[in-house]
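Note sheet for the following structure.
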Number of protein chains: 4
Amino acid sequence: MSEGKQGGRPRDEQVDRAIARAARELLAERGYTGFTVDAVAARAGVGKAAIYRRFPTKQELIYTVAIHGANGEPPADRGSLAADLTAVCRTLAEQLAAAPPGVYTGLLADLYGSSGLATRFSEVFLARQRAVLEEVLGRAVARGELAAAPDPLVLHALVVGPLFVWLFVLGGAPEEVRKLVDTVVAGVLAVLR
Amino acid sequence: MSEGKQGGRPRDEQVDRAIARAARELLAERGYTGFTVDAVAARAGVGKAAIYRRFPTKQELIYTVAIHGANGEPPADRGSLAADLTAVCRTLAEQLAAAPPGVYTGLLADLYGSSGLATRFSEVFLARQRAVLEEVLGRAVARGELAAAPDPLVLHALVVGPLFVWLFVLGGAPEEVRKLVDTVVAGVLAVLR
Amino acid sequence: MSEGKQGGRPRDEQVDRAIARAARELLAERGYTGFTVDAVAARAGVGKAAIYRRFPTKQELIYTVAIHGANGEPPADRGSLAADLTAVCRTLAEQLAAAPPGVYTGLLADLYGSSGLATRFSEVFLARQRAVLEEVLGRAVARGELAAAPDPLVLHALVVGPLFVWLFVLGGAPEEVRKLVDTVVAGVLAVLR
Amino acid sequence: MSEGKQGGRPRDEQVDRAIARAARELLAERGYTGFTVDAVAARAGVGKAAIYRRFPTKQELIYTVAIHGANGEPPADRGSLAADLTAVCRTLAEQLAAAPPGVYTGLLADLYGSSGLATRFSEVFLARQRAVLEEVLGRAVARGELAAAPDPLVLHALVVGPLFVWLFVLGGAPEEVRKLVDTVVAGVLAVLR
DNA sequence: AACTAACCGAGACGGTACGTCACGTCTTTCG
DNA sequence: CGAAAGACGTGACGTACCGTCTCGGTTAGTT
């Protein structure tokens with residue numbers, strides 16, 4: 001519909017892939033701080049312009065390649081709110097832990113002031129997480145486990161907050177995240193009652 | 001003792017204040033990302049060397065002027081774990097909300113790789129928070145409210161995580177933090193039982 | 001003959017004209033330095049490829065559209081060397097002054113290293129000027145005004161040099177070129193004697 | 001007088017020299033077109049900022065280091081206008097020929113549009129040449145060789161024009177510039193009479 | 001009263017990344 | 001095959017900020 005005329009040479013998907021691949025590698029090797037657009041261009045065998053044609057900013061590039069999945073598929077119904085919530089939390093924790101070090105914190109820091117990426121982050125990444133939580137909550141209401149679904153924003157904070165700070169602020173061991181997840185779920189369930 | 005010979009002109013405390021003041025203003029005006037040492041020097045009417053004589057890096061400067069208090073005094077005993085915990089959480093939330101926007105997230109991002117500030121942050125700022133938590137937990141054990149104090153790291157994550165993401169990630173309204181605090185405390189108490 | 005198979009769609013002459021027109025306009029508006037091929041394509045409503053199909057480089061395009069005439073027709077015999085030389089010089093001066101500002105100097109600068117255009121410039125543009133000079137010199141010899149024709153290269157320098165620097169280096173007023181021409185001719189005649 | 005406060009670390013003259021030296025070398029090695037500020041910085045062992053602190057633009061740098069002398073000292077009085085003029089022309093020709101290839105033409109091309117450098121070029125480089133010519137003319141008037149000094153701008157064009165185009169446009173042999181100088185001087189003298 | 005050491009504002013230093021721009025080529029779709 | 005559109009690799013541009021260093025000059029405490 002409102003796509004406008006097409007025309008012109010289409011973007012080369014091989015270039016897309018080369019950029020994404022190089023960016024991911026460099027993010028893993030050098031971390032958020034040491035990440036350079038020039039280095040991405042060099043490793044991808046690509047001009048810088050090809051990168052900036054796709055991503056208005058270095059941060060958008062990182063966001064796109066590193067927070068790739070943000071899958072948002074709600075988990076299969078496991079029959080109880082406790083089980084569903086545990087599954088969601090584990091997926092979330094894995095997603096957070098999967099990114100190269102410093103990516104989430106770096107991105108979060110660069111979000112202030114760059115309204116463009118900030119809204120995309122909120123409206124895509126976070127909104128999708130919240131949607132999953134609402135789905136799980138809806139199932140519980142349908143089952144009769146809950147009288148009414150609570151404020152999803154509060155629930156969101158209760159769920160991702162501990163995971164986030166455990167991994168990125170407090171330096172908690174990634175192996176023990178599962179234990180933390182159990183505790184988080186227990187607390188949340190108690191509050192929802 | 002191991003102060004070395006003194007000699008020479010002492011530091012001008014007016015310079016200390018001018019730097020702190022200028023830094024705080026600029027942090028508030030431009031946020032963490034737009035904050036530059038040159039701008040601080042210019043606004044404070046001070047040479048850059050005077051700043052770097054006091055702070056080894058830009059991050060240390062920001063940490064010092066913006067996370068000032070980090071006081072760490074445990075609250076007065078309010079007679080119950082619930083009341084103590086609520087008081088601690090409220091103080092914590094106020095402290096987080098008091099800093100100019102982007103300071104905590106920016107600092108957190110710059111912590112990766114700069115071992116110096118990272119350890120100071122962990123060993124002073126976070127350790128102090130944890131000590132406060134352990135104190136109120138100890139009181140609860142003494143009172144007989146709890147059989148044994150739980151893992152303080154987990155508790156720390158459960159308490160500070162939701163507040164952090166509410167304020168800095170999810171964009172929750174600062175006015176509603178008190179409501180969130182109540183929920184957090186309720187959840188934590190349920191888990192500790 | 002050596003044209004090769006023709007075949008296929010013939011070049012659209014309307015495109016030729018659109019390119020030439022856009023190029024001339026942009027040269028006049030932005031000068032040699034600010035002149036870009038993309039801008040020509042955009043203004044002409046033409047693809048860049050259509051331009052590069054016609055001109056191997058930006059310089060060739062400029063050369064072709066801006067130094068168009070370079071006609072090289074020797075002037076009608078005016079009966080004396082002085083009159084012939086004056087006519088030649090005036091034509092030359094008009095030609096130099098006709099190009100948008102910066103074209104001659106810009107082209108001259110880009111000639112270093114680009115052997116292709118450099119030889120074409122020498123062998124077409126300059127050689128043609130020199131041929132005209134040799135023609136009027138030949139007439140003078142035939143008339144008995146001169147014993148022998150002098151070195152044409154030296155004469156070329158004596159004639160075109162002052163005009164060039166007057167217009168493009170010294171910033172002399174274009175209206176006063178005629179006065180300069182008279183002086184140049186007088187000097188040249190004196191030397192040839 | 002109106003020098004303003006000094007303050008601050010003074011420019012390091014060694015850096016001045018390193019930049020000038022590197023720039024001259026690179027100009028000689030790669031010519032005007034291949035000349036890069038980054039390369040100058042790299043070879044001089046200097047940051048780019050140090051260069052841009054001294055020269056607002058690449059062209060100013062080239063102008064300063066390559067048209068260095070522009071000495072402007074009028075030659076010793078040789079007793080006659082012919083001898084003085086010959087000396088001036090030879091000096092001029094040597095100066096033009098001394099610069100690395102493409103410098104004069106490149107600079108000339110870049111002068112259009114950059115009013116800053118353009119006026120400096122006119123008011124320093126060209127004005128100085130013209131002053132020398134006026135000095136020589138003044139001597140001739142004082143000697144009684146000339147009734148009145150002619151328009152210096154015209155004389156300037158007559159003198160420098162042929163040399164310029166001989167060297168940079170027509171591709172005349174530099175060895176034969178002396179012969180050209182003699183012819184130029186003869187023509188000019190004839191005109192001045 | 002002189003000396004000395006550390007301070008002060010100012011600002012230059014080497015380094016490094018940024019995002020933009022133009023070149024001339026290549027690759028689409030359409031006529 | 002020509003044409004419009006526009007992406008491609010290359011490579012320079014000039015700007016910004018970092019943390020350090022160097023000026024000339026000031027301000028204590030120590031001789």
Side-chain angles (χ1 to χ4, degrees), chain A residues 4-12 14-16 34-39 41-42 44-58, chain B residues 5-12 14-15 34-39 41-42 44-59, chain C residues 5-12 14-15 18 33-39 41-42 44-59, chain D residues 5-12 14-16 33-39 41-42 44-58:
Chain A
K5 291 243 296 285
Q6 184 57 38
R9 177 177 178 176
R11 299 261 170 92
D12 186 341
Q14 221 160 320
V15 170
D16 290 46
F35 181 88
T36 312
V37 176
D38 292 75
V46 142
K48 268 207 291 183
I51 298 176
Y52 281 106
R53 213 172 282 125
R54 289 165 170 77
F55 309 96
T57 222
K58 182 171 79 148
Chain B
K5 284 246 292 297
Q6 184 61 36
R9 176 180 176 175
R11 298 240 173 108
D12 185 342
Q14 223 162 316
V15 170
F35 180 90
T36 67
V37 175
D38 292 73
V46 140
K48 277 209 293 178
I51 297 175
Y52 281 105
R53 215 172 281 125
R54 289 165 170 78
F55 308 96
T57 67
K58 180 171 84 149
Q59 285 76 26
Chain C
K5 283 248 288 297
Q6 185 64 35
R9 176 177 175 180
R11 297 228 177 120
D12 185 342
Q14 222 161 318
V15 171
T33 309
F35 180 91
T36 68
V37 175
D38 291 73
V46 140
K48 278 207 294 178
I51 297 175
Y52 280 106
R53 214 172 283 124
R54 289 165 171 78
F55 308 96
T57 65
K58 179 172 83 149
Q59 285 76 27
Chain D
K5 293 241 298 281
Q6 184 57 37
R9 177 177 176 174
R11 300 260 170 92
D12 186 341
Q14 223 161 317
V15 170
D16 290 47
T33 309
F35 181 88
T36 312
V37 176
D38 292 74
V46 143
K48 270 210 288 183
I51 296 176
Y52 281 106
R53 214 172 282 126
R54 290 166 169 76
F55 308 96
T57 222
K58 182 171 82 149

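Lettering of chains follows the sequences in order, A, B, ..., and the numbering in each one begins at 1. Note that this is a predicted model, so its numbers are computed, not measured.
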Dump the pairs, protein N or O against N or O of nucleotides 29-31 of chain F, anything under 3.5 Å, distances to one decimal.
none

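- Separating the CZ atom in D:F55 from the OG1 atom in D:T57 is a distance of 11.5 Å, to the nearest 0.5 Å.
- The residue among D:F35 and B:V37 whose nearest nucleotide of DNA chain F is located toward the 5' end is D:F35.
- For the side-chain hydrogen bond (donor to acceptor under 3.5 Å, both in side chains) test, residues two or more places apart in sequence or in another chain that qualify with B:R54 are B:D16.
- A straight line from NZ of D:K58 to P of F:dC13 spans 5 Å, rounded to a whole angstrom.
- Note: CG (D:D38) to P (F:dT10) measures 17 Å, nearest angstrom.
- When distances are taken from the side chain of D:V15 to each of E:dG11, E:dG14, F:dG19, the shortest belongs to E:dG14.
- Positionally, the nearest nucleotide of DNA chain E for D:A41 lies more toward the 5' end than for the other of C:A39 and D:A41.
- Residues D:A41 and D:G47 share a closest heavy-atom pair of CB-C, 4.2 Å.
- Taking the side chain to side chain contact (heavy atoms under 4.5 Å, CB included) definition, one finds that A:A39 meets it with A:L26, A:R30, A:T36, sequence neighbours left out.
- Residues satisfying the salt bridge (Lys or Arg N to Asp or Glu O under 4.0 Å) test with D:D12, not counting sequence neighbours, are none.
- Every residue was checked against the side-chain hydrogen bond (donor to acceptor under 3.5 Å, both in side chains) condition with D:R53, not counting sequence neighbours, and none meets it.
- You'll find a donor-acceptor pair under 3.5 Å spanning the side chain of B:R9 and the base of E:dC7, going by distance alone.
- Between C:R11 atom CZ and F:dA3 atom P there is a gap of 7 Å when expressed in whole angstrom units.
- Residue whose closest nucleotide on DNA chain E sits further toward the 5' end, between A:T57 and C:Q59: A:T57.
- Going from atom CG of A:D12 over to atom P of F:dA7 covers 12 Å, rounded to whole Å.
- At a non-hydrogen distance threshold of 4.0 Å, D:K48, D:Y52 from residues 46-56 of chain D come into contact with DNA chain F.
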